[in-house]
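Structure first, then comments.
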Amino acid sequence: MIAPGSSIPAIPAPARALRNQPIRQLRDWLDRLAETQRLAVTRPGVRLKFELAAIAKRLDGERATYFPAPDGHGVDVISGLLSNRNWIAEAMGVTPDELLTRFQDAVRAPLPWHETGEAPVQTIIHREVDLNSLLPSPTHNEFDSGPYITAGLMITRNPRTGIQNVAIHRLQVSGPDRLGALLLPRHTLGYQQMAEDEGQDLPVAIVIGVDPLTLLASQAIVPMDCDELEIAGALHGAPLDVVKCLTSEIRVPAHAEIVIEGRLLARERALEGPFGEFPQYYGERGERHVIAVDAVTHRSKPLFHTIVGGGLEHLVLGGIPREATILETLQRSFPSVRDVHLAPGGVCRYHLYVRMKKRFEGEAKNVMLGAFAAHYDIKHVVAVDEDVDIYNPAEVEWAVSTRFQADRDLVVVANALGSKLDPSTNDGVSAKMGLDATRPLDAPEMKFHRIRVPGEADVDLEKTIVSDRWRT
Ligand code: MN
């Protein structure tokens, strides 16, 4: 992983404290990105099939993208809004090292939403719906079955209690008023099954174009019957404004760009997929749930957000809320754990790096077993000491190369539950591997003492380097 000739970078100094107000509006975030040269606006008319995703991916993690009138469509498309973890910290108004604790605080103390009567998202109302003409839904990856809505927050209500759930599900545009939805065995499916058992359709609202923190909150790993919009409010530091849908009791963010109102149909399934997913492979085609669309509402001149399947925005958005939950779970049993990171090389799901101050010999192995228990997606865990920067894969590799011995420090668990989307598993049955790359506690002082050039971090290059010419 280390490029030839490159040295192991030192741990970066903690980022300068930047305590800003959290970003509460999508358009404010676009302004921030634009002011700081992180928004690329393309020529009008980029093609929705492949070309839009190709451009977004070329700029993945570096610049967000804005596509005016793609394919001549009246609605502009945006992508890559949160494809970098430092940007997410910035949107929260905290430093990157405060990101996980801030998110944990919001999960612990959600803020109930505030209902309003008038909402920008209901400025324009369509009751006769043709999704193909209303929305510029792009096709991203080579073998995707067609256009998809990928950044739609699906809001449903528990049919018994009325408590809302928010989640992103991939949505295939299957017809003028039909969407195919992949519901994994999580909360939306739980509510849908309650309704279906009574022979009822389940009302849904699909919200496209929300502020960055509401988008992040939708990915929180919380128990059923925790309304993720309340976590969004806590991240904003102010209750989220919501408005009642026209065709159901669902409350949606009032300042969103677009809302699709519809129903998950009871006992109806249709073919959906394949679709390019986060592991960089296709999720297969199969019989999936069907949504009938009853209405679409939007702002005047709305923006359509799309998340390119398998791109960094897809990975990072899912990764950070998982890290927050895994860290909290581990720290409950192991106060020695300092930080965790789901590395992008492990698609922000499968590879967990744990930074810890080992107190007892053997403790790192307990921590790794705890990590496997914390989320079934975690496949490989590397435990390292406090002096390793877990956000730098080369540093983690260095720790493995110099502090790990396979006969002594390796943990393997056979036939455990893993991710069904990992093609190397046997339909989700997977091995787990832990690498303890921590130093032995009784090692002599200098044996694992990392080399360091005194003053390296303090060199003022601006003042020191005066020229690039050596022949005078
Ligand atoms: Mn949920």
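Read the numbers this way: they start at 1 and go in the same order the structure lists the ligands and their atoms. Everything numeric in this text was worked out from a predicted model, so none of it was measured.
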Output a table of donor-acceptor pairs, distance under 3.5 Å, between side-chain atoms of residues 117-126 and any protein atom two or more places apart or on a different chain; print 'none' if there are none.
from: Gln122; atom 1: NE2; to: Lys244; atom 2: O; distance (Å): 2.9
from: Thr123; atom 1: OG1; to: Pro120; atom 2: O; distance (Å): 2.5
from: His126; atom 1: NE2; to: His298; atom 2: NE2; distance (Å): 3.0

N, O or S atoms of the protein lying under 2.8 Å from the Mn ion (ligand 1) |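 Hits for the Mn ion (ligand 1) below 2.8 Å: Asn165 OD1, His187 ND1, Glu228 OE2.
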
Count the heavy atoms of every other residue, nucleotide or ligand shown that sit under 6.0 Å from CZ of Arg160, and state whether that count exceeds 12.
->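 No, the 6.0 Å shell around CZ holds no more than 12 heavy atoms from other groups.
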
Arg102: salt bridge (Lys or Arg N to Asp or Glu O under 4.0 Å) partners, not counting sequence neighbours |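 None.
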
Is a side-chain donor or acceptor of His305 paired with a backbone partner of Ile208 at a separation under 3.5 angstrom?
->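 Absent.
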
Check ion pair Asp105-Arg108 (N to O, under 4.0 angstrom) =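 Yes.
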
Residues that Arg27 engages under side-chain hydrogen bond (donor to acceptor under 3.5 Å, both in side chains), provided they are two or more places apart |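 Partners of Arg27 by the side-chain hydrogen bond (donor to acceptor under 3.5 Å, both in side chains) criterion, ordered by chain and then number, come out as Glu257.
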
